[in-house]
Amino acid sequence: MNKDVKATKINFENAVIKDLMDFKNVFWINEDKPSFEVADKTAMFSHADVKDAEDRLARFAPFIEKAFPETESTNGIIESPISDISDFKKELEDHYNVTIDGSLLLKRDDTLPIAGTIKARGAIYEVLKYAETLALREGVLESKDVNYEIFASDEFKQFFAEYNITVGTTGNLGISAGIMGAKLGFEVVVHMSLEAKQWKKDLLRSHGVNVIEHDTDFTLAVENGRKESEANPKSYFVDDEHSTDLFLGYTVAGSRLKEQLDKEGIIVDEDNPLFLYLPCGIGGSPGGITFGLKHAYGDNVHCFFAEPAHIPSMLLGLETKKYDDVSVYDFDIDGKTNMDGLAVPRTSGFVSKLMSDFFDGGYTLQESEAKRFLTRLIDIESIPLEPAAVAGLPGPAYLFKSKEGQAYLKENGLADKMKNATHISWATGGSMVPEEDMQEFYNEGAGL
Ligand SMILES: *Cc1c(COP(=O)(O)O)cnc(C)c1O
């Protein structure tokens, strides 16, 4: 398989593409995926890159603990718990009339400290890495061996005040990068489109972030913001699409989850497979987490990304092998979704190319399903998630219900091991959403 050879024409006769164009539920298996051992040899990142990110976050833990007292209980490590949602599993089984073998857990990134979304992993890491690089380069930080609590000092804040961090976003990326950037003392500018939620703008402003609202062409405005930022040596642009640091920040979740499951006595090996269902926008968070998990568990972890049927950019990029050369609009797919964190019409090029060797598969879900499960999760488990964060919930039902999922289990010799399986849906955000907004989300799904 040579990924550099681009197909000259999009094959609209392809059955998967046809179903995507009809907004059908697709459960897709990555047939070309090599074993982890093979994939690891040619990947653009190695285990050393993951370890480097882990070490950096460990160095910054004393600073984070001091600057954000809510992280005291985890000693400055930004991490989330896992919840058993076996009652919700019954809801899935009843709704889809299917038996889900194995247990179902929810990874609670909706409760991640500081920013309340999965972006707190990647975006905060990226800002910290920039801060460390600057401080070392300019000599304010003598070495990586000192206690990083010093990053909370007035001297460091004054140093960073001369530098700028710029983000273009409609939401959660800006919150994570903005809050951490402002705390370190940076001048932070977040460009937002007019339709971005008011509470997000208010929250950022309360942290001293300069929020610029663009009414007309948001994409153009961000492009200008990027150019200005890149021309200024004292400015840094947080780039959702091309940033390898953002990606590496997410990879750390792999070894952390393993540690967590080890503590709970949850075994993962050939006879006890682990299945992950990860909401996917540009691809950085599901990609990075999958990459980290494969380094922790090899082929015994099975990772599926989850996308709205109305904006399946990763699935289109992988199935056509055209990655970021195609957008959903090329296929007359309308891109309209309520799951705002996943509203990405074109996937990230480097993430999708890398992950074509690591993702086991992916699926699409309907707007009505997402709305329903948001409401039902509150009813059954009292867990309020934001719309994007529920995309991983129906994954286990699709795995057992679809013929593609059944075939996957068979071909991988897993069919008779599923009683021992652990399924984890990754909840990617929710705790920062104001109550009135959450009530609105709840009402939308109440009749479905
Ligand atoms: C950004 C985001 C995602 C998806 O992450 P990507 O890196 O864009 O794929 C999922 N859920 C929420 C809540 C998000 O904010």
Side-chain angles (χ1 to χ4, degrees), residues 80 106-112 114-126 167-179 190 192 196-197 200 203 238-253 276-292 303-308 311-318 323-324 337-352 354-355 358-359 362 364-365 370 373-374 377 383-393 395 425-433 437-438 441:
S80 73
L106 189 67
K107 179 64 173 164
R108 301 295 307 281
D109 276 10
D110 55 305
T111 66
L112 272 181
I114 301 174
T117 72
I118 197 163
K119 300 285 191 305
R121 297 182 184 276
I124 285 178
Y125 174 75
E126 173 153 17
V167 196
T169 170
T170 50
N172 292 332
L173 185 73
I175 291 179
S176 286
I179 293 177
V190 175
M192 286 192 150
K197 292 268 162 59
K200 294 187 178 178
L203 176 71
V238 177
D239 185 334
D240 200 8
E241 217 178 313
H242 305 101
S243 169
T244 52
D245 286 330
L246 193 68
F247 181 89
L248 289 169
Y250 290 119
T251 63
V252 174
L276 267 292
Y277 309 93
L278 302 143
C280 181
I282 198 87
S285 73
I289 290 171
T290 294
F291 191 80
C303 299
F304 295 86
F305 60 86
E307 293 187 306
I311 191 156
S313 48
M314 175 63 78
L315 222 164
L316 280 172
L318 292 178
Y323 312 102
D324 59 338
T337 179
N338 199 39
M339 294 170 253
D340 53 351
L342 312 183
V344 176
R346 186 188 300 277
T347 187
S348 157
F350 93 84
V351 174
S352 57
L354 171 67
M355 295 315 294
F358 291 91
F359 277 141
T364 60
L365 80 163
F373 294 134
L374 186 149
L377 194 72
I383 298 175
L385 299 182
E386 63 183 272
V390 301
L393 287 174
S425 296
W426 209 287
T428 50
S431 63
M432 304 285 266
V433 177
D437 295 64
M438 192 54 82
F441 295 149

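Note that ligands are numbered from 1 as they come in the structure, with each ligand's atoms numbered from 1 the same way.
- Not a single heavy atom of Ala389 lies less than 4.0 angstrom from ligand 1.
- Looking at ligand 1, you won't find any N or O of Ala388 less than 3.5 Å from one of its N or O atoms.
- The shortest contact between atom 1 (C) of ligand 1 and any protein heavy atom is with Lys119 NZ, 1.3 Å.
- Taken to the nearest 0.5 Å, the CH2 atom of Trp426 stands 5.5 Å off from the NZ atom of Lys107.
- Each of the atoms 13 (C) of ligand 1 lies under 4.0 Å from some heavy atom of Glu386.
- Heavy-atom proximity to Asn172, at under 4.0 Å, picks out these atoms of ligand 1: 13 (C), 14 (C), 15 (O).
- Between Gly429 and ligand 1, not a single N/O pair is under 3.5 Å apart.
- In this structure, Leu385 and Phe373 have side chains that are not in contact, with every pair of non-hydrogen atoms separated by 4.5 Å or more.
- Partners of Asp245 by salt bridge (charged side-chain N to carboxylate O under 4.0 Å, His left out), not counting sequence neighbours, listed by chain and number: Lys129.
- The nearest heavy-atom contact from the protein to atom 8 (O) of ligand 1 is Ile282 N, 3.0 Å.
- At least one N/O-N/O distance between Thr428 and ligand 1 falls below 3.5 Å.
- Using a 4.5 Å heavy-atom cutoff, the side chains of Thr117 and Ile175 are not in contact.
- No donor-acceptor distance shorter than 3.5 angstrom exists from the side chain of Thr347 to the backbone of Asp324, with no hydrogens or angles considered.
- Annotation: the span from Tyr323 atom OH to Arg346 atom CZ amounts to 15.5 Å, rounded to 0.5 Å.
- Contact annotation: for Leu173 versus ligand 1, there are no heavy atoms closer than 4.0 Å.
- Within the listing of ligand 1, atoms 9 (O) sit less than 4.0 angstrom from a heavy atom of Cys280.
- Two residues are said to be in side-chain contact when any heavy atoms from C-beta on lie closer than 4.5 Å; Leu173 and Val167 meet this criterion.
- Close approach of ligand 1 to Gly281 is summarised as follows: ligand atoms under 4.0 Å from at least one heavy atom of the residue are 4 (C), 6 (P), 8 (O), 9 (O).
- The closest side-chain heavy-atom distance from Val252 to Arg121 is not below 4.5 Å.
- Residues that satisfy the salt bridge (charged side-chain N to carboxylate O under 4.0 Å, His left out) test with Asp239, not counting sequence neighbours, are Arg226.
- Atoms of ligand 1 lying under 4.0 Å from at least one heavy atom of Leu342, given by number and element, are 3 (C), 4 (C), 10 (C).
- Residues Ile114 and Ile179 are in side-chain contact: their nearest non-hydrogen atoms beyond the backbone lie under 4.5 Å apart.
- Not a single N or O atom of Pro279, backbone or side chain, sits closer than 3.5 Å to an N or O atom of ligand 1.
- For ligand 1, the polar-atom distance check finds an N/O of Ser285 within less than 3.5 Å of one of the ligand's N/O atoms.
- The shortest N/O to N/O separation between Gly284 and ligand 1 falls below 3.5 Å.
- Contacts between Thr117 and ligand 1 below 4.0 angstrom, taking non-hydrogen atoms only, are absent altogether.
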